[in-house]
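Everything on this sheet refers to the single structure shown next.
Chain letters run A, B, ... following the sequence lines, proteins first and then strands; every chain starts at 1. Values below: all heavy atoms of this structure, side chains included; hydrogens, waters and symmetry mates excluded. It should be emphasised that the depicted structure is a prediction, and the values quoted were computed from it without experimental measurement.
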Protein chains: 2
Amino acid sequence: MAKRYEKVSEDVRRRIESGEYSPGDRLPAETALAAEYKVSLPTMRQALAALQTEGLIEKRHGRGNFVRKQRQRAERSNLRHQWEKNRARADLKERSSTGATELDTGLSIKQLAFHAQYERIQAPEELATALGVEPGTAVLKRTYRTRSTNEDEPLNVARSYIPYELAEQNPDLLDESQEPWPGGTMNQLHTVGVEVDRVEEVITARPPTGEEVEELGLMAGVSVMDVRKTLYDISGRIVEVADVVLPGDRYAVKCVTTLERW
Amino acid sequence: MAKRYEKVSEDVRRRIESGEYSPGDRLPAETALAAEYKVSLPTMRQALAALQTEGLIEKRHGRGNFVRKQRQRAERSNLRHQWEKNRARADLKERSSTGATELDTGLSIKQLAFHAQYERIQAPEELATALGVEPGTAVLKRTYRTRSTNEDEPLNVARSYIPYELAEQNPDLLDESQEPWPGGTMNQLHTVGVEVDRVEEVITARPPTGEEVEELGLMAGVSVMDVRKTLYDISGRIVEVADVVLPGDRYAVKCVTTLERW
DNA sequence: GAGTGGTCTAGACCACTGT
DNA sequence: CAGTGGTCTAGACCACTCC
């Protein structure tokens, strides 16, 4: 009943969990393992691929198979929205001091490299629905890439969409060279008279696309979280929709809900 | 530069996205595709495996490879907590009418099959930290499995942990035959004098373990979300910790944050 | 039983890593 | 250069699904 590669991967898993190999250790070469378990090389590789998918080992071309270390996760809490709103009306000096991503990661502003790209697009079907506008409406699309300068691995990619009609009320908002904008989106919206009332975030999980594996430097066998954030102003109008892609092994999303008292 | 299996999977992806094959359609047999692309069968299979990992196709043993349909997602909103708290003090009739999972899925209470299992355990290290108690403290562990009676696929698995000291104040809370408890955990806690003040949920994403693939009937190439929920009462004490595993292709987690007004 | 995908083998050759 | 994993082949045989 049990397939050979399953038996093999079970045994290797057992050996890792028993501590015979610790996080960071290199496993014996695939040829050596194949000989030890008396299976062909492709079968051995299938067994190891299963462990990689589970996130237990990490394959490094030309170097070996390594027991994976548990990474420390950055935590992205929804409390950041109140924090950001509070800062939206603060003075320039305070707004410049730190941003929301630094809050998540615990890194200082100098350890984060930041790249923004602006574009004027016409809203396709799905986006128009999300923004509550007619398809084809002009929208300011902003693409952000955040990297840590220590590790060269990127942290996340975000795409933000704002009705063009809203953004053009302040020409500075159309200029990508102003990034990183001190005080973030909440301050930007404040400059065009918008007060944000409610933030809705919808989180889903899926395997990364091949493109994202490249872009985010992901290991095979890692999931990503899609976070779609929708900002409503105090009149109930949607003022921003943003899609953030977070590596599943490096991020946790925290959602704090305070309940009404009895 | 480009590997053959990548070229092949790219082309098949293009053909699917162009609409040559629609969701639900069967692709040609692997042997036929291998011949068409002039690659060996294993290479063809590697190309298809990549598309499976991306969630684009679904392999069905003995039947063929099918273009995957986008499933409808159940949405698990944090508004459910306020909703549940409001019902915790309602009368039995109202509490019995429907529960939080029905709220998420839009299914009626009769379409959901429910299985609960209770256990008294001693808190291991990690759990003790999460509950804010000493390791070894007695804890009531409750395992819930929810299935839809239409589709035979299970919806989710949840494990809940409550300090035993708290649960034993009401003997009914120790009896698994009382499940499904009308009014849910918030009502259960209410019977021992606890008012919940704050809910914290931490969401992470990862590939499923082999066990979960079995248990939740997942396809290979699907991610799962781990939701760790922590309930605080009005004195700041932790009264429940729960771990929920949600299939990434069938669930979305929604987090609504209402901000203070200027 | 015919057709499909799943497992497994034995071995060739390529690409990356470190010395 | 030696050692390691990555790609690819050609083909045998097994397991599942449907008619």
I'd like a table of atom pairs between the protein and nucleotides 9-11 of chain C - only N or O on both sides, under 3.5 Å - with the distance next to each one.
{"from": "dT9(C)", "atom 1": "OP1", "to": "R4(A)", "atom 2": "NH1", "distance (Å)": "2.9"}
{"from": "dT9(C)", "atom 1": "OP2", "to": "S40(A)", "atom 2": "N", "distance (Å)": "2.8"}
{"from": "dT9(C)", "atom 1": "OP2", "to": "S40(A)", "atom 2": "OG", "distance (Å)": "2.6"}
{"from": "dT9(C)", "atom 1": "OP2", "to": "T43(A)", "atom 2": "OG1", "distance (Å)": "2.5"}

Check nucleotides 17-19 of chain D for protein N or O atoms closer than 3.5 Å to its own N or O atoms and list the pairs.
{"from": "dC18(D)", "atom 1": "OP1", "to": "R63(B)", "atom 2": "NE", "distance (Å)": "3.0"}

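When the C1' atom of dT4(C) is taken as reference, atom CD1 of I57(B) falls 14 Å away, rounded to whole Å. For the pair R26(B) CZ and dG5(C) C1', the computed distance is 10 Å after rounding to whole Å. Distance, K59(A) NZ to dT17(C) P: 15 Å, rounded to whole Å. What separates CD of E30(B) from P of dT4(C) is a distance of 10 Å, to the nearest Å. Rounded to an integer number of Å, the gap from R45(A) CZ to dC8(D) C1' is 11 Å. Distance L51(B) CG to dG5(C) C1': 16 Å, rounded to the nearest Å. The separation between E6(A) atom CD and dA15(D) atom P is 13 Å, rounded to whole Å. Per the geometry, CD belonging to Q46(B) stands 8 Å off C1' belonging to dC8(D), to the nearest Å.
Under 4.0 Å is where a charged nitrogen must lie from a carboxylate oxygen, and between R228(B) and D243(B) at least one such pair does. A salt bridge does not link K229(B) to E201(B): none of the charged side-chain nitrogens sits closer than 4.0 Å to a carboxylate oxygen. The pair D249(B)-R68(B) meets the salt-bridge criterion, since a charged nitrogen lies less than 4.0 angstrom from a carboxylate oxygen. Under 4.0 Å is where a charged nitrogen must lie from a carboxylate oxygen, and between R63(A) and E30(A) no such pair does.
Atom CD of residue E54(B) and atom CG of residue L51(B) lie 5.5 Å apart, to the nearest 0.5 angstrom. Taking CG of L56(B) as the start and CD of E17(B) as the end, the distance is 6.0 Å to the nearest 0.5 Å. Here the OG1-CE distance, from T204(B) to M225(A), works out to 6.5 Å after rounding to the nearest 0.5 Å.
Looking at R76(A) and N156(A), their side chains never come closer than 4.5 Å, going by heavy atoms from C-beta outward.
OP1 or OP2 of dT4(C) has not a single side-chain nitrogen or oxygen of N65(B) nearer than 4.0 Å. For the pair Y5(A) and dT7(C), the criterion of a side-chain N or O lying under 4.0 Å from OP1 or OP2 is met.
Defined by atom type and a distance below 3.5 Å, a donor-acceptor pair is present between the side-chain atoms of Y21(A) and R15(A). A donor atom on one side chain and an acceptor atom on the other are found under 3.5 Å apart for S160(A) and E240(A). For the 3.5 Å distance criterion, the side chains of E179(B) and Y144(B) qualify, holding a donor opposite an acceptor.
Recorded end-axis angle for the helix from dG1(C)-dC18(D) to dG18(C)-dC1(D) stands at 20°, based on five pairs per end and rounded to 10 degrees.
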